[in-house]
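Report on the structure given below.
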Amino acid sequence: MSTSPRIAITGSGAVCGAGMTVEKIFAAVLGGQSAVAPIALWDAEHWPIRLAAGVNGVSDRELVEDRKLHKSISRTDFFGIHAAGVAVKSSGIPAHRETLDAADVPFFNDRSGIVVGSGGGAYNSNYEYLPLMTVAGGDLRKFGEELGATVNPMWLLRNLPNNVLCHVGIRHMFKGTNACITNQCAGGVLAVAEAAESLRMDEADRIVAVGHDTLIEPEAVLGYHKLGLLSTDVLRPFDRDRTGTIFGEGGAAVMLEKFDGAQARKAAILGEFLGHGCVTEATGIVDLRPDGDGPARAIALALADAGIAAADVGMIVAHGNGTIASDASEAKGILRVFGGNPPPVTAFKWAVGHLIAASGILDLVLALEALRHGVVPGVPTLNTVDPEFSTLPVSREAQKPRSAIALVLCRGFGGMNVALIVRAAKA
Amino acid sequence: MSKRVRVAITGIGMVTPIGNTTAATWDALRAGKSGAGPITIFDATGFSTRIGAEVKGFDFENGIADRKLLKLASRSHRFALNAAEQALADAGIRPTAETAERWGLVVGAGMMGVSFEELSSVHRHAAADGELHPDQLLAPDYPADPISFCRTQTNAGLSLLTKNFGVRGYASAVHTACSSGGQAIGTALKVMRRGNVDAMIAGGFDSMLNPIGLSGFCLLGALSTDNDTPERASRPFDATRNGFLLGEGAAFLVLEKWESARARGAKIYAELAGDGNSLSCYRITDTPPDGDGPIQAIRQSLADAGLKPEDIDYVNAHGTSTQMNDRSECVALGAVMGDHLQNVAVSSTKSSMGHLIAAAGAVEAAVCALAIRDGIAPVNANWSTPDPQCSNINLVTGQSRPMRISAALSNSLGFGGSNSSLTFRHPDLVEA
């Protein structure tokens with residue numbers, strides 16, 4: 001849309017199994033290092049699924065400095081708060097706020113927003129009730145009577161899906177427009193899209209978009225495994241022999257600002273948000289259409305929103321989760337839009353795992369890095385591109401982006417498909 | 001800026017503790033009937049709060065033709081499917097193969113994914129001593145049922161709704177605790193305005209009336225413990241109020257572009273005219289005593305609708321019946337409305353049906369549309385003792401108040417500090 005204001009990306013942050021900084025994570029991806037390792041969150045030695053890209057060996061304090069907060073948030077929140085903090089700080093906004101007249105600060109805060117794509121952690125959090133259930137022995141009356149003596153009074157607050165929204169808001173005094181999106185995989189990318197739209201509609205001047213999730217919990221792993229979605233060894237996106245996805249965990253965030261405002265305060269601009277498209281295939285919780293309808297429509301909408309042609313896209317970061325059905329239909333959707341000449345395609349989940357609600361926004365952060373480095377990282381776990389879509393230009397080796405514009409695809413339960421388009425600034 | 005898309009509310013569907021249809025709910029609300037009673041869904045006799053506002057006499061097994069889909073639906077998903085179907089039937093329009101891509105759906109979804117029965121099964125099979133032993137989940141007798149697993153996904157309700165009604169455009173689910181429903185409808189308004197879709201189904205659903213949900217609020221001391229007088233437990237703005245009453249249910253609206261709704265001769269309840277949104281950045285459970293946060297949301301909502309405070313005739317308050325919320329909300333209303341506040345009828349739907357959490361904002365948006373259509377400000381039930389700290393508002397006490405409502409405002413203020421304020425206008429004003 002020609003009339004809508006331009007949107008700058010002025011900060012980014014991420015944490016996942018591959019590292020606690022964007023630079024480190026991107027270096028791992030580019031260097032062909034995967035963070036997939038034996039599950040460390042419980043003893044999974046006898047489990048059918050023993051691998052995940054967990055954030056291991058990192059203390060709570062390293063993720064969230066404020067110790068008082070540790071008791072009132074859950075594991076997934078640590079990741080979101082960390083990533084958002086890095087994105088906000090690296091944008092220079094807190095330092096810029098320091099330079100304002102005190103009288104202007106309240107308005108500045110009211111014009112600063114936050115949108116979060118919040119994930120799960122839905123199973124472990126309930127286990128705080130297990131000791132009470134043992135005490136109650138199946139007697140609900142006793143369950144109620146012993147509740148106060150057995151369960152932490154903070155339980156509900158610790159498990160609010162909108163905790164990251166609340167605590168990042170308080171930490172940075174971002175008091176403006178806000179939302180917490182609980183749309184499974186699509187959460188993080190929709191946070192970016194909604195943040196961008198709020199800036200376009202002049203609801204705010206700057207918004208941090210965050211995604212966070214952890215699915216590395218016994219019940220989640222078991223549930224996905226029973227659905228046949230997990231690989232037991234290697235995540236091989238678009239490979240003929242792909243067997244499924246592998247969980248990761250973490251968070252990612254980007255700071256979005258009106259372009260004019262970012263220029264006026266002489267912010268370092270990483271890139272520009274250009275457009276988005278969001279559709280559902282209306283296929284229910286897990287199913288998806290085999291024909292690529294959703295990805296194709298989401299891409300078409302995003303291109304139209306960005307006001308660019310398919311030929312302008314320099315690289316595609318695919319969802320590429322490594323499952324049989326999703327990769328096949330995603331490839332079809334891409335080929336449907338780009339025809340016989342798609343730009344280089346890559347995917348990052350082989351290295352960082354599937355971060356579900358944080359996956360797409362982490363891909364976006366890494367896409368910007370890739371463009372800024374002028375490289376489309378290869379997929380070292382790829383042996384043979386599936387002959388069903390052999391013209392998809394995904395490869396083991398690194399490729400060159402055709403332009404500074406990246407298309408990021410994200411797919412999720414609910415038949416969700418979201419496409420984002422960004423342009424990187426010159427590094 | 002080019003001419004803005006106007007959004008019409010053309011359909012309403014509700015399943016609430018005071019009625020399983022829009023008409024039944026609206027009748028009961030106007031009469032100030034209470035949906036409260038002792039909790040019957042499970043044995044709550046050991047809890048500090050043993051009362052709630054349950055949906056009653058709801059047919060969980062029928063109303064949705066797709067049996068397979070229904071099997072995947074939780075208690076609150078079934079409320080949602082039913083309420084959305086009501087809304088579409090009421091609007092007289094629904095997605096077709098030709099229009100599906102131009103329909104969107106946004107929901108405020110509750111936070112409870114795992115049911116108590118499922119957690120009990122985990123306990124029985126793998127945590128008998130109170131601690132999870134993951135390996136025991138692998139035992140052949142543990143029923144790791146893919147259907148119940150799917151049901152626990154954060155967007156399960158959204159998925160079932162889009163599939164059931166064949167919505168193929170923008171779809172999303174939001175959760176900002178008690179303001180989820182308001183935020184969902186606000187998001188839908190934005191999606192309509194920016195032209196992503198031509199029509200939407202928007203609403204909220206929730207049920208925390210289960211042992212875990214009730215526990216969460218009991219532990220926080222947020223609920224009224226008036227166990228002997230459940231129907232009087234929720235009394236927003238009354239000086240003796242002592243916590244909220246937990247409810248459950250769903251409400252959905254059908255939203256259409258104004259011109260298309262008119263062109264097809266649809267009845268229009270009201271215009272969904274403005275959305276305001278802020279974060280209090282105060283404390284996770286409290287709203288600031290000085291109204292900071294809600295004030296900005298209300299102001300934005302009015303500005304977004306192109307209205308002044310003087311244009312508002314009715315406010316559907318968040319009014320949870322907690323000491324803190326009601327006081328803070330009155331301060332915020334006073335700050336925005338000034339002297340005009342004495343002319344504004346104020347009531348809280350929660351006085352009658354309790355707090356529907358993620359569905360509350362959606363129910364209350366529907367109530368605003370009905371209030372505008374019928375020219376009635378519904379009563380704030382159970383009020384008897386004046387609270388000097390809430391005396392600045394013109395509360396609708398005793399009985400519902402017939403009055404012309406040109407514009408109405410609905411506030412939703414959530415745990416976590418998200419504030420949502422929606423503005424609605426009478427159709428006559430839009431076309432004046």
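What you see is a predicted model, and the numbers here were worked out from it, not measured in a lab.
- When each of A:V168, A:D202, A:T134, A:L190 is checked for heavy-atom pairs under 4.5 Å with chain B, A:T134 comes out on top.
- If you measure heavy-atom distances from B:E101 to chain A, the contacts under 4.5 Å come from both the backbone and the side chain.
- When heavy atoms are compared at a cutoff of 4.5 Å, B:S120 approaches chain A by way of both its backbone and its side chain.
- In this model, no donor atom of one side chain and acceptor atom of the other lie less than 3.5 Å apart for B:S278 and A:D110.
- The aromatic rings of A:W42 and A:W47 lie perpendicular to each other, with more than 60° between the two planes, well past the 30° mark.
- Side-chain atoms of A:D77 and A:S74 form a donor-acceptor pair, as typed in the model, at a separation below 3.5 Å.
- Among A:R171, A:M154, A:H225, A:E219, the residue with the largest count of heavy-atom pairs under 4.5 Å with chain B is A:E219.
- In the model, A:H172 has no side-chain atom that pairs as donor or acceptor with a side-chain atom of A:S112 under 3.5 Å.
- Per-residue counts of heavy-atom pairs under 4.5 Å with chain B were compared for A:P48, A:C180, A:P131, A:P218; the largest is that of A:C180.
- Chain B forms the most heavy-atom pairs under 4.5 Å with one residue out of A:V221, A:V286, A:V151, A:V116, and that residue is A:V151.
- Heavy atoms of B:L132 lying under 4.5 Å from chain A belong to its backbone as well as its side chain.
- Inspection of the A:N163 and A:R158 side chains reveals no N or O donor paired with an N or O acceptor under 3.5 Å.
- In this structure, chain A has a heavy atom under 4.5 Å from the side chain of B:D292, while its backbone stays farther away.
- Each of A:T182, A:V279, A:L140, A:L301 has some count of heavy-atom pairs under 4.5 Å with chain B, and the biggest count is that of A:T182.
- Counting heavy atoms from C-beta on, the side chains of A:I81 and A:L69 come closer than 4.5 Å.
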